[in-house]
Amino acid sequence: MEKKVVVITNSVTVDELARALMIPVTDLIGGLFKNGIMATINQRLDFETVSIMIDELGLDVELKKKETALVGGGHHRVPSEHAVRRPPIVAVMGHVDHGKTTLLDTLLNKKTADGEAGGITQHIAAYQVNHDGRLITFLDTPGHSAFQALRQHSAALTDIVVLVVAADDGVKPQTIEAIEFARSANAKIIVAINKIDKPEADVSRVMAELSEHNLQPEEWGGNTITVAVSAKQNEGLDKLLDMILLTADIDELKADEDGPAEGLVIESHMEVGKGAVVNLLVTSGTLFTGEFLVAGKVYGKVRVMLDFKGSPKGKATPATPVKVTGFKELPNFGDYFKEATDEKEARKTAAAIGIEMQNELATTNTTGLDLLRKMSDSDNKKRLNIVVKADVQGSVTSIVDNLKMIDTKGLVDIQIVGSGVGNVSENDVRVAVGGDTIIYGFSVELPASIKRIAARDNVSVRIFNVIYELLDDVKKEIESLLPPEVIETEMGELAVRGVFRTSRSSVIAGGEVLKGKIASGYKLRVVRKHKVIAEAEVDKVQREKIEVSEAVAGEMCGLSIKTEHKINLEVGDRLELFIREVKPQKL
């Protein structure tokens, strides 16, 4: 008999699922109840929960997920036969202090589209460089966390990753991380071996280390382009740009300029007098001033469009970064945007996406992850409640994404109870009051009046300007919540040959040390017929009636044992000696 196939979207109500599975709704509600979820017939369940419940109920059903067209569609429009060559989109990545920022600074000061300098900021931004009459779009990310956030939001923006590796330092942990990110984004990798001006530079060593990570340099018969550069001395950068364009030509990067514009939100923040200011990267079509856009659940009319230097721009073609105003609200970092024919269509589309997203949010209390937690009795976990405030939407997303990825060893739940763009506000403090909640601010201010309110209400507010420092602080908080780690080290074994005196709090016995050693202060387990029957501690050790510090394998000894409860030790019992240490757990 063919297995029944049930297709659902990202979420479904209990009633709808019962009908699809052709089982009584009471059976489904009962199954949820057994697993700790109090559900009504209108409660929405996410895909994971449905999958778990089908297994729990023992149903012979194949579950399939129907992708929704509103939120996720249209990210990768296939170029038509009329498509034209577009600029490559390049992300520059590398280990801290390997020269990524210097490289970008030098490129932009020397090669911006019309020769003007372009400043590098700590936020995700995009810039364009003109090389031999062709444009190259550079994505400047403040670290791998932001790049990962882009990738997690299905924003497959990057064609090429320029991996910066210092010639005097070689491949480091963040270098390896960047290689993995590039591969997961299906981006080509070009390695810029930087700092060749330094006396301790060793290009061959870097190439050997790259080979260990399946990046075999072309010079060694592989297919990875490596370029020796000195960002500081402006050496080798023209060749690097040549290699970027050559790689782009081999991949024949093309896009349609005709038709409605679409692309991705790479940054958004509020500015006084301007409202929502949004950085977009057009991936297909051409964007003109005055057009209506839908990004996620928000829409707007492009009132002002500027290039990355802040100059007015009338239109933007594929792979062009622009800054626009006119959105009603802030779209989310990583949101897909698409042009609408008019305001009515834009409003209708945004509203439909909003409803779909709301339905997704309605599953918050009944997610598959929550169900699995309940099924493994993890309600006893400790919780760390956090409010995240940052200067721009991209930073908020990046921080939240990174917090979700912290491995808490399954012992602490990180709950983001609030997040948003802008300075820490009274409302943030109100959210945090009474819930053991910490407010983390990134590149924002804590106004004096709010600082006083937070102090009065005993709310901890911590402001950081470096994302890794913020994450390190969160990890320290998690570690303070972790139960201490108990470490036991086996020290020796003794066979009991005689029992001389037994009381409620001590035992005097003698025996042979079979292995290791025995010393005062060691813990011991009494093992009888392969079963542990008691635990105690060695008080004193004697050899030939003289107290000694220890006895080793092969020696006979007497010992005094301290006990909390009376132990009826017997000849033939085995004592396992060990040291028990209690240490704070580290992540």
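The chain is numbered in sequence order, starting from 1. All figures in this text were calculated on a predicted structure; none of them were measured in a lab.
With values rounded to the nearest 0.5 angstrom, Leu481 atom CG is found 10.5 Å from Leu411 atom CG. Rounded to the nearest 0.5 Å, atoms CZ (Arg134) and CD1 (Ile244) are 11.0 Å apart.
Applying the side-chain hydrogen bond (donor to acceptor under 3.5 Å, both in side chains) rule to pairs touching residues 474-486 yields Arg462-Glu477, sequence neighbours excluded.
Side-chain contact between Leu107 and Val92 is absent, with no heavy-atom pair separated by less than 4.5 Å. At least one side-chain heavy atom of Ile176 sits under 4.5 Å from a side-chain heavy atom of Val171. Asp473 has its side chain out of reach of Ile438: every pair of non-hydrogen atoms, C-beta onward, lies at least 4.5 Å apart. Contact annotation: the side chain of Val229 never approaches that of Ile196 to less than 4.5 Å [non-hydrogen atoms, C-beta and beyond]. In this structure, the side chains of Leu103 and Leu237 come closer than 4.5 Å at one or more pairs of heavy atoms. At a threshold of 4.5 Å between non-hydrogen side-chain atoms, the residues Thr437 and Val431 do not count as touching. Counting only heavy atoms from C-beta outward, the side chains of Gln415 and Asn385 approach each other to under 4.5 Å. The shortest distance between side-chain heavy atoms of Asp159 and Arg86 falls below 4.5 Å.
With sequence neighbours left out, the side-chain contact (heavy atoms from CB on, under 4.5 Å) criterion links Ile579 to Met491, Tyr522, Glu581. Considering only residues two or more places apart in sequence or on other chains, Glu469 meets the side-chain hydrogen bond (donor to acceptor under 3.5 Å, both in side chains) condition with none of them. With sequence neighbours left out, Lys172 forms a side-chain contact (heavy atoms from CB on, under 4.5 Å) with His95, His98, Asp169, Thr175. Taking Ile463 as the reference, Val424, Val444, Leu446, Val461 meet the side-chain contact (heavy atoms from CB on, under 4.5 Å) condition, with sequence neighbours excluded. For the side-chain contact (heavy atoms from CB on, under 4.5 Å) test, residues two or more places apart in sequence or in another chain that qualify with Glu219 are Met207, Pro217, Thr226.
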Next on the checklist: What verdict does the side chain to side chain contact (heavy atoms under 4.5 Å, CB included) test give for Ile399 and Tyr440, after you've listed the backbone C-alpha separation in whole Å, the side-chain angles of each residue and the deciding distance to 0.1 Å?
Outcome noted: CA-CA 10 Å; Ile399 291 164; Tyr440 280 98; over 6 Å; no
Checklist entry - After noting the C-alpha distance and the side-chain angles of Leu293 and Phe327, does the key distance pass the side chain to side chain contact (heavy atoms under 4.5 Å, CB included) rule? => result CA-CA 8 Å; Leu293 298 178; Phe327 274 94; 3.9 Å; yes
Checklist entry - For Gln128 and Thr137, what are the C-alpha separation, side-chain angles and deciding distance, and is it a side chain to side chain contact (heavy atoms under 4.5 Å, CB included)? => result CA-CA 4 Å; Gln128 286 194 310; Thr137 299; 3.0 Å; yes
Checklist entry - Can Thr106 and Asn234 be said to form a side chain to side chain donor-acceptor pair (under 3.5 Å), step by step? => result CA-CA 7 Å; Thr106 308; Asn234 196 5; over 6 Å; no
Next on the checklist: What verdict does the side chain to side chain contact (heavy atoms under 4.5 Å, CB included) test give for Leu482 and Lys382, after you've listed the backbone C-alpha separation in whole Å, the side-chain angles of each residue and the deciding distance to 0.1 Å?
Outcome noted: CA-CA 8 Å; Leu482 293 174; Lys382 292 192 175 181; over 6 Å; no
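No donor-acceptor distance shorter than 3.5 angstrom exists from the side chain of Gln393 to the backbone of Asn332, with no hydrogens or angles considered. Between the side chain of Thr283 and the backbone N or O of Glu262, at least one donor-acceptor pair lies under 3.5 Å. The backbone N or O of Pro483 lies less than 3.5 Å from a partner atom in the side chain of Gln585, making a donor-acceptor pair. A donor-acceptor pair under 3.5 Å is formed between the side chain of Ser268 and the backbone N or O of Pro331. At least one donor-acceptor pair under 3.5 Å links the side chain of Asp307 to the backbone N or O of Lys309. With hydrogens and angles ignored, the 3.5 Å screen pairs a side-chain donor or acceptor of Asn423 with a backbone N or O of Glu445. In this structure, Asp256 contributes its side chain and Ser80 its backbone to a donor-acceptor pair below 3.5 Å. At least one donor-acceptor pair closer than 3.5 Å links the side chain of Asp428 to the backbone N or O of Ser425.
Of the listed residues (Thr247, Thr158, Asp251), just one forms a side chain to side chain donor-acceptor pair (under 3.5 Å) with Lys188, and that residue is Asp251.
When all heavy atoms are compared, the tightest approach of Ser398 to Ile467 is OG-CD1, 3.5 Å. When all heavy atoms of Ser204 and Trp220 are compared, the closest pair comes out as O-CH2, 3.6 Å. In this structure, Ala187 and Val161 approach most closely via the heavy-atom pair CB-CG2, 4.0 Å. Scanning all heavy atoms of the two residues, the minimum distance from Phe337 to Leu281 falls at CE2-O, 3.7 Å.
No side-chain donor from either of Gln216 and Thr224 sits under 3.5 Å from a side-chain acceptor of the other. Inspection of the Thr102 and Asp105 side chains reveals no N or O donor paired with an N or O acceptor under 3.5 Å. Neither side chain, Asn279 nor His269, offers a donor N or O lying under 3.5 Å from an acceptor on the other.
Atom CD of Glu271 sits in a crowded spot, with more than 12 heavy atoms from other residues, nucleotides or ligands closer than 6.0 Å. Counted within 6.0 Å of CD on Glu209, heavy atoms from surrounding residues, nucleotides or ligands total more than 12; the atom is thus considered enclosed.
Between Tyr127 and Phe138, the ring centre distance reaches or exceeds 6.0 Å.
With salt bridges taken as basic N to acidic carboxylate O contacts below 4.0 Å, none links Asp335 and Lys297.
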